[in-house]
Amino acid sequence: MLIFCNINILSLFTGLVSLLVFMLALGAQALTPSHHLSPSDVDRLQAILSQPFTDLKSAYFSIVGLSKLGLSVADANGACSFIKANVDSSSVESLFYAAEASQALASCEIHVSNETRDLLHAAVSEDSTVSQIHQAVSALSSFSLPLASQEVVSALKARISKEDNVLAITLALQTASRLSQQAELGEILEEIEDLAARLDDLGGVYLQFEEGLEATALFVSAAYALSDHVDVEPPLKEDQVIQLVNSIFSKKSWDSLSEIFSVASAAAAFSNNRFHKPVIVSALGPATVSHSQPLLQLQVTDVLCQPLSSADVVVESASSVASKAAILSKTPFTLRDGIFELNFMASKPASGYYQFSVAVKGDSRLVANHVELKVKVSTKVAINNMDLSVVDKDQSIGTKTTRVEYPSKAKASFVADSHQNFAMTFQLVDETTGVELTPHQTFVRLHNQKTGQEVVFVAEPDSKNLYKFELDTAERKTEFDSMSGTYALYLMVGDATLENPVLWNVADLVLKFLEEEAPSTIQSKNLYVPKPEIQHEILFSGVLEINPPLPLFSVQWFKLGANISNFSLSPSSLLFHIGHAAMLGLMYVYWTHLDMFQTLKYLAIIGSLTFLAGNRMLAQKAVKSPLSAHHYAPKVLG
Amino acid sequence: MSSSVISVISRFLEEYRSSTSTRLKVVDAYLLYILLTGALQFLYCLLVGTFPFNSFLSGFISCVGSFILAVCLRIQINPQNKGEFLSISPERAFADFLFAHTVLHLVVINFVG
């Protein structure tokens, strides 16, 4: 018992340790973005942001959003006039939109009166919400009006302690990035770390606030804005940065203009901040090389799909998946038209899969710059030395070997009866290099054109990679259902790494089986025919026929002298018995023809008649019966 | 040991034959018939297989249900139990028996398929 417990504990412990080691090993592998914007997504962002403005708020989102993407509005003058026409000088929010939008436009000056300036200054106080402070400070900054940074800082600190939600703190961070660098922004800077701790880790892939995509994206742009402003690296680990990228760029169709604005801001923040620059490495098309297409092409971009032209892209190592032999080491890619290329076929790799480890260097900010890539090298197969022969089993007659060249067919057909074996040998080689290949699918298919029968066998290579196929006519007769006739013989060769899968009608093979074994017709093995309906009659007749207890029962009843003599022929009694018999008959009819509803309908009619008759009959019986006199009141039913 | 068992059984059968009314004996014969039919159905199912299972269940439950209803009838019409069934005459018991059987057969026929 104790030993048993000990063994259990020991196995549990080793299990836990190995699990821990496994998890550490997994964690050691760097995370790469699984979700990112594609060029079409960026175009769509731009298109939506370029739509005509409906109000000042949408104008703000469009103009500032486009400027973050590095683009400008189509009609700058029109936009400027729109802003001037729609600004409401008595609302801090309206002034904020107008200020930010006009700042983003090339030359758009909005006249600010003293009242407006005072209004904005008044908004900076502990009594305003963080959102109002943010709008006021941003407007003052964009209008190039003087600002008392320290006052703002104290107001923000006071408000943060009161409004402890994610959006408020994000706006506080954004506000702080507009203040003077001399102000004490340290405490506000610490909020980045606190806020980052509130992010939810979803499966190790996503990192986002439960408030949603917009909140996460706004946090990213605010955090990097403030970090750049004070030149302090944000406390985000590499994996966290990638997880944020995954969260923000996983949604490709957005609900509102504000959401699109937040995504554009986050994308701009990830592309242009001083500390972290996520890299997206993907192959152009499928990662396949062959003799016709020897170049491995990679797209190396930032989150906004702009190529990193100044980067050095290097293959740290490339090794074959099957043999683990290293093919390349520290080989650089060359940049051509924004695409990084490498001529992999120049290293003369054998066909198959290769594991590439690619590193992107050149900028210390790069994040997720080590990528693992699986590259396929495909080739064309050639079939050599295809030899067909019919061998006698007792080997008395010498074999006659016929060689067939691909893709032609053997002129004469081969005949094999039950005393002979049919044999086929061939080699599969790489067309260019002549190296022997062993593809995944090497099948020999025999097709009887008359009956449509098809039998497929697998051809196996021997130790020297020479493929052999032998058909023992007598042994294999069950596969053919002993149907003699002419079978067309096909060779099928296929593999993921073959560019030219082969279906080759090599020859015709006449198989002769012993006649008495052949079935008269081919019974197609049709499994999907509906089964015959279960006949009621089978069961019912069984019940009627095989009812051994019934005679016994009848005999017993007669012996006991069943009270048939006392059968009163009163109308109610008769009616009762007829009704009862009718009910039993109805049961039978229900079983064979009717459904429940019809049966219940008939049963109601017959049943009520039987009930009334039976009631009367039994009442009469009760009165007559000697037992009833003293103890039973003649209780009538119903 | 066995002789005492045999003597107990024979004594029991004698008592049964003499002291049980004819009515109850008729019901007992019916009970025996139902029991044998049910046992036979079960044996058939064991030998031949459960397909179609709903038919077997329906038949078997019919036997079991009929047995139970007949036992109830026997209890109710037994003069020795008169004290417990003061308001239920034998005729009423029989009528209840018939009604319950109708419901049982309705369900059984529905299920047998």
Side-chain angles (χ1 to χ4, degrees), chain A residues 533-534 536 538-540 542-543 546-563 576 579-580 583-584 586-592 594-596 599-600 603 606-607 610-611 614-615 617-625 627-628 630-638, chain B residues 17 20-41 43-44 48 51-56 58-59 62-63 76-79 82-83 85-99 101-113:
Chain A
E533 226 183 274
I534 301 161
H536 292 161
I538 307 168
L539 295 166
F540 190 52
V543 166
I546 311 164
N547 207 351
L550 192 59
L552 170 70
F553 181 48
S554 321
V555 165
Q556 273 190 310
W557 259 14
F558 275 116
K559 271 176 71 178
L560 292 167
N563 216 353
F576 167 75
H580 191 219
M583 283 207 295
L584 292 174
L586 179 68
M587 287 295 141
Y588 174 72
V589 175
Y590 172 35
W591 187 32
T592 49
L594 302 172
D595 65 21
M596 180 60 99
T599 311
L600 283 175
L603 194 67
I606 302 173
T610 313
F611 173 72
N615 192 2
M617 181 190 83
L618 287 172
Q620 286 169 356
K621 269 240 181 81
V623 168
K624 274 195 266 168
S625 161
L627 289 170
S628 75
H630 303 285
H631 298 273
Y632 295 107
K635 264 211 152 136
V636 180
L637 293 160
Chain B
R17 240 174 253 146
T20 323
S21 71
T22 313
R23 231 187 221 184
L24 290 177
K25 279 197 197 142
V26 164
V27 177
D28 284 339
Y30 173 68
L31 280 171
L32 184 67
Y33 163 66
I34 293 288
L35 187 75
L36 287 176
T37 309
L40 218 71
Q41 281 199 334
L43 195 69
Y44 173 86
V48 178
F51 185 79
F53 195 53
N54 59 305
S55 302
F56 159 67
S58 151
S62 162
C63 287
Q76 287 179 332
I77 64 176
N78 195 347
K82 245 188 329 199
F85 297 107
L86 277 172
S87 62
I88 303 176
S89 65
E91 287 72 30
R92 166 73 194 274
F94 184 63
D96 285 343
F97 172 76
L98 285 180
F99 176 69
H101 256 286
T102 308
V103 174
L104 176 69
H105 277 90
L106 198 66
V107 172
V108 160
I109 297 291
N110 186 32
F111 195 53
V112 81

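Atom set for the values below is all heavy atoms of this structure, side chains included, hydrogens, waters and symmetry mates excluded. Letters A, B, ... are given to chains in the order of the sequence lines, protein chains preceding strands, and every chain is numbered from 1.
Residues satisfying the ring-ring contact (aromatic ring centres under 6.0 Å, His included) criterion with B/His101, sequence neighbours excluded, are B/Phe97, B/His105. A search for ring-ring contact (aromatic ring centres under 6.0 Å, His included) contacts involving A/Tyr590 returns nothing, not counting sequence neighbours.
Around atom CZ of B/Phe99, no more than 12 heavy atoms belonging to other residues, nucleotides or ligands sit under 6.0 Å away.
Side chains of A/Phe611 and B/Leu98 form no contact here, defined as non-hydrogen atoms less than 4.5 Å apart. Counting heavy atoms from C-beta on, the side chains of B/Leu106 and A/Leu600 come closer than 4.5 Å.
Contacts between A/Leu586 and chain B at a heavy-atom distance below 4.5 Å are absent for every atom of the residue. Of the atoms belonging to A/Leu584, not a single heavy atom falls under 4.5 Å from chain B.
Taking both residues in full, the closest heavy atoms of B/Ile109 and A/Met587 are given as CG2-O, 3.5 Å, listed atom of the first, atom of the second, then distance.
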